[in-house]
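First listed ligand is number 1; within each ligand, the first listed atom is number 1.
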Amino acid sequence: MSDIYSPRPEHKFTFGLWTVGNTGADAFGEAVRSHLSAADLVYLLGEVGAYGVNFHDNDLIPIDATASERAAILKAFKKALSDTGLIVPMATTNLFGNPVFKDGAFTSNDPKVRAYALQKTMHAIDLGVELGAGVYVFWGGREGIETDAAKDPVAATKRFREALNFVCEYAIDQGYDLKFALEAKPNEPRGDLYFATTGAYLGFIETLDHPEMVGVNPEMAHEQMAGLNFMHAVAQAWEAGKLFHIDLNDQNYARFDQDWRFGAQNLKQAFFLVKFLEDVGYAGSRHFDAHAYRTEDHEGVKDFARGCMRTYLILKEKGARFNADPDIQTLLAEINADDGSVDALKGAYSAAKAAAIKAHAFDREAIATRGLQYEKLDQLTVELLLGVR
Ligand code: GLT
Ligand code: MN
Ligand code: MN
């Protein structure tokens, strides 16, 4: 049965093969769900109403596949895409799973590893573009350290820059219409990862040869692991024109990378995030980089995927309610009221304006004693979210 919270293609909900394909294996236990082929996962995503599917090179083609195995997998995958109507908006490289990357890929101390990482990435870019990807993600899962005795962080930064510049030139040379999106994480699987936050990447991007080709892919749980407000990271990326992609999920703060169903834990933060994306008109994929609880079978995986999308759409509707709620909007208008008395003091610097600001007589006490009514506003928000207004 479909209702207003049912996913439609225009919502741009996507999942990685590694998300619905997650078998539940963790550091302490074995797989609890059987492995499904890439084609089977596309049919599963078609059944739950997703719009797109993303992959790492080796989610689709195993690292040691023969040419004929590769051809058979690709044929089945392409058939599943055309049977379901799903598209591939994003692709990425697995530069973390194989032992060769145990000390990083682009930041490895070993030049052979760095060159191999470039080779693997160029092949993976070719594969992604062949299947239609317009965004290419880099998550540097092993780009970090356990001990700072081992690696020079300045050298690591320079190596990472050289690699990014290389792949940008490669994409230009091939005539690919491709953008790159960098995904930060503070730690796990390394003790510390370089470029720990989205903000760190936003600074780094401006040092590249082609900054216009490179943006970010912020992940909710990754900023939460660092104790940060995810929506603020997303807002800074958006304001800089760098929000090329987004990984939605959830988790408890200050824990390991839990990658839970969107909205499973921090509903109020999820609400402000969805409201932000919808209010500004973010037009990219809403990618759920999460997986089902380890307790689930394949039906539970579908429940997980449906839940991510449904919660997003419920929160989107709550955002529209917030924007239309007369009490909330009246309060916001009062909070933001401006009597125009300091209009002459606003705006860009001029020597005259600096002098006028220095000379102005501010009634500091009157300004400071005004109550801002944020308690009332927040309670109205909570009541709206709890469904009583
Ligand atoms: C891995 C990681 C994710 C990244 C994926 C892309 S792989 O699952 O935990 O956050 O987005 O490389
Ligand atoms: Mn994660
Ligand atoms: Mn992610």
Could you pull out the closest heavy-atom pair between [X] and [Y], with the gap in Å?
X	Y	result
Ala105	Ala117	CB-CB, 3.7 Å
Pro62	Leu60	CD-O, 3.7 Å
Phe262	Asn249	CD1-O, 3.6 Å
Gly29	Arg294	C-NH2, 3.3 Å

Handout entry: the Mn ion (ligand 3): protein N, O or S atoms [distance under 2.8 Å]
Key =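 You should have found Glu183 OE2, Glu219 OE1, Asp247 OD2, Asp289 OD2.
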
Below 3.5 Å, N or O to N or O, backbone or side chain included: is there any such pair between [X] and ligand 1?
X	value
Thr93	no
Glu183	yes
Trp18	yes
Lys185	no

Does [Y] offer a backbone N or O that forms a donor-acceptor pair with the side chain of [X] under 3.5 Å?
X	Y	answer
Thr107	Gly104	no
Thr19	Phe15	no
Asn266	Gln251	yes

Practice task
Give a yes/no on ligand 1: does Asp289 have at least one heavy atom closer than 4.0 angstrom to it?
Solution key: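 Yes.
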
Exercise for the section: Tell me, please, whether Phe244 has Lys179 positioned over its six-membered ring: NZ or CZ under 6.0 Å from the ring centre and within 45 degrees of its axis? Expected result: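 Yes, a cation-pi geometry holds between Lys179 and Phe244.
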
Exercise for the section: Give, for atom CD of Glu143 and atom CZ of Phe195, the distance between the pair rounded to the nearest 0.5 Å. Expected result: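 So the CD of Glu143 and the CZ of Phe195 are separated by 9.0 Å.
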
Quiz: residues 197-206 side-chain donor-acceptor pairs under 3.5 angstrom, not counting sequence neighbours:
from	atom 1	to	atom 2	distance (Å)
Thr197	OG1	Ala200	N	3.2
Thr198	OG1	Glu223	OE2	2.5

For [X], atoms of ligand 1 separated by under 4.0 Å from a heavy atom:
X	value
His222	10 (O)
Asp247	11 (O)
His56	5 (C), 6 (C), 7 (S), 12 (O)

Exercise for the section: Taking the six-membered ring for Trp and the single ring otherwise, decide whether the centroids of Tyr194 and Phe160 are under 6.0 Å apart. Expected result: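 When the ring centroids of Tyr194 and Phe160 are compared, they turn out to be at least 6.0 Å apart.
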
Exercise for the section: Of the side chain and backbone of Asn94, name the one, both, or neither that has a heavy atom under 4.0 Å from an atom of ligand 1. Expected result: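 No part of Asn94 is near ligand 1 at this cut-off.
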
Handout entry: Residue, atom name and distance, where the atom is the protein heavy atom closest to atom 1 (C) of ligand 1
Key =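 Scanning the protein heavy atoms, the shortest distance from atom 1 (C) of ligand 1 goes to Trp139 CZ3, 3.7 Å.
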
Exercise for the section: Measure the distance from atom 9 (O) of ligand 1 to every protein heavy atom, then report the residue, atom name and distance (to 0.1 Å) of the closest one. Expected result: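 For atom 9 (O) of ligand 1, the nearest protein heavy atom is Asp257 OD2, 3.7 Å.
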
Practice task
Looking at Asp257, pick out the N, O or S atom nearest to the Mn ion (ligand 2) and give its name.
Solution key: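 Sorting the N, O and S atoms of Asp257 by distance to the Mn ion (ligand 2) puts OD1 first.
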
Practice task
Would you check, one step at a time, whether the test salt bridge (charged side-chain N to carboxylate O under 4.0 Å, His left out) holds for Lys185 with Asp192?
Solution key: CA-CA 9 Å; Lys185 190 174 180 183; Asp192 289 288; over 6 Å; no

